[in-house]
Amino acid sequence: RRDVLVLTPWLAPIVWEGTFSRDILDAQYLQKNLLTGVVTFALEKYCYVQFIEGFMSSANKYFLAGHPVNFYLFTDSPEKIPHLQMAPENHLFVIPVQDDPRWQGISRSHMDILSSYIQRQFQHEVDYLYCVDINVQLLAHVGVEIIDALVATISSWQVTPQQDKASETHPESQSAIPEGQGDFYYTASFYGGSVAEVYKLSRACSAGLVEDTENGIEGPWHHESHLNRYLLQHRPTRLLSPEYYWDTEL
């Protein structure tokens, strides 16, 4: 494709529809005997439980279709999860989690919960791990073209380099990105990579969130701000185009 940017300045590929051969990639993935996990959070207080059925049915159909996937669903209302018919190669694991009185608190604890479970469980069960928001609806195949060490998705609101107006600029924040230094703005609604890399990312973001909280600083986009700071310092090895997480408001 010549109509879009397909390579970053640090030579990481940007994946768009039409830039890869799914058949070739599927064959390579199968040879490696890999298992991929998906983490998502569904909290009743914020009406996210209502999205479970839509997300799971679409992800079960379209996310790495034909390859085994472990879905890890964190929820404060496990008793309200509807019966979900999973593909034979997929497995759903429901993990109870306590509610938090503030949305920002949920955002802060997200990274801490993720890093804790990677250390105690996920690293022993999967090779790659992706974090996807529960209110996502998959409309087409998301295949093994997303697999790489550290993967980020370019926000559909900000699709060109050097447009970092949404980044945190508070100089004392651990998520601060000086003006003009951002590469892309990445959404926290879809990111991932190898278990080892996601663990390092989540630990760093969790530590930054804790330090900001102790200093009375709250970033505009919470863990997304810290995700962007981390990915500026540890650039992703693969980027997914905005096609992978398109905001329907646009």
Side-chain angles (χ1 to χ4, degrees), residues 22 25-26 29-30 32-99 106-107 109-148 150-153 187-199 201-202 223 227 238 240 244-245:
R22 182 166 282 121
L25 294 176
D26 277 341
Y29 185 84
L30 282 169
K32 296 176 182 178
N33 194 31
L34 298 170
L35 181 59
T36 296
V38 173
V39 169
T40 191
F41 287 76
L43 300 173
E44 183 179 17
K45 180 176 180 180
Y46 309 104
C47 302
Y48 285 166
V49 171
Q50 66 177 315
F51 296 117
I52 292 175
E53 188 167 7
F55 171 79
M56 286 305 308
S57 61
S58 66
N60 182 55
K61 180 179 180 181
Y62 289 124
F63 192 91
L64 270 62
H67 302 291
V69 179
N70 282 0
F71 290 93
Y72 301 106
L73 173 60
F74 288 90
T75 181
D76 57 348
S77 303
E79 73 285 354
K80 294 189 177 181
I81 294 178
H83 174 70
L84 302 166
Q85 185 66 44
M86 305 295 293
E89 66 273 16
N90 293 340
H91 294 90
L92 173 62
F93 300 91
V94 178
I95 304 174
V97 64
Q98 288 187 339
D99 188 14
I106 290 295
S107 187
S109 61
H110 176 109
M111 289 293 186
D112 183 52
I113 292 170
L114 178 59
S115 62
S116 296
Y117 272 86
I118 290 174
Q119 186 176 41
R120 76 172 76 162
Q121 179 180 346
F122 300 159
Q123 66 168 326
H124 306 297
E125 297 178 352
V126 296
D127 303 289
Y128 290 89
L129 192 65
Y130 289 80
C131 301
V132 187
D133 278 358
I134 193 70
N135 60 351
V136 167
Q137 187 88 17
L138 278 70
L139 303 176
H141 288 286
V142 174
V144 297
E145 73 277 359
I146 71 169
I147 300 295
D148 214 321
L150 185 58
V151 181
T153 304
T187 176
S189 298
F190 188 7
Y191 64 93
S194 70
V195 172
E197 289 297 330
V198 177
Y199 178 63
L201 179 153
S202 57
H223 73 281
L227 173 77
R238 180 172 302 239
L240 304 182
Y244 284 85
Y245 183 72

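On a predicted model such as this, the values are computed, not experimentally measured, just so you know.
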query: Taking it one step at a time, do Y29 and L64 satisfy side-chain contact (heavy atoms from CB on, under 4.5 Å)?
result: CA-CA 10 Å; Y29 185 84; L64 270 62; 3.7 Å; yes
Return the [atom1] to [atom2] distance between [X] and [Y], rounded to the nearest 0.5 Å.
X: C131; Y: H110; atom1: SG; atom2: NE2; result: 5.0 Å
X: N70; Y: H91; atom1: CG; atom2: NE2; result: 7.0 Å
X: N90; Y: T36; atom1: CG; atom2: OG1; result: 10.5 Å
X: S116; Y: Y199; atom1: OG; atom2: OH; result: 8.0 Å
X: L25; Y: I147; atom1: CG; atom2: CD1; result: 10.0 Å
X: I52; Y: L73; atom1: CD1; atom2: CG; result: 5.0 Å

Where is the tightest heavy-atom contact between [X] and [Y], given as atom of each residue plus distance?
X: L227; Y: A188; value: CD2-CA, 3.6 Å
X: S189; Y: D133; value: OG-OD2, 2.6 Å
X: L114; Y: S202; value: CD2-CB, 3.9 Å
X: G192; Y: Y130; value: CA-CD2, 3.7 Å
X: F55; Y: V132; value: CE1-CG1, 3.7 Å
X: V49; Y: S77; value: CG2-CB, 4.3 Å

Check whether [X] reaches the backbone of [Y] with its side chain - one donor and one acceptor, N or O, closer than 3.5 Å.
X: N60; Y: A87; answer: yes
X: D127; Y: L35; answer: yes
X: Q119; Y: S115; answer: no
X: T187; Y: F190; answer: no
X: T40; Y: I134; answer: yes

query: Going through the checks in order, is the ring pair (Phe, Tyr, Trp, His ring centres under 6.0 Å) test met by Y72 and Y117?
result: CA-CA 10 Å; Y72 301 106; Y117 272 86; 8.6 Å; no
Heavy atoms, side chains only, cut-off 4.5 Å: are [X] and [Y] in contact?
X: L30; Y: V144; value: no
X: E53; Y: L84; value: yes
X: I95; Y: I113; value: no
X: L201; Y: Y191; value: yes

message: Ring-plane angle category for F41 and F74, please: parallel below 30°, perpendicular beyond 60°, tilted otherwise.
response: parallel
message: With side-chain contact (heavy atoms from CB on, under 4.5 Å) as the criterion, how do H67 and D26 come out once you've worked through the C-alpha distance, each side chain's angles and the decisive distance to 0.1 Å?
response: CA-CA 9 Å; H67 302 291; D26 277 341; 2.9 Å; yes
field: Inter- and intrachain pairs under side chain to side chain donor-acceptor pair (under 3.5 Å), touching residues 135-148, at least two apart
entry: R22-E145, E145-Y244, D148-T237, D148-R238
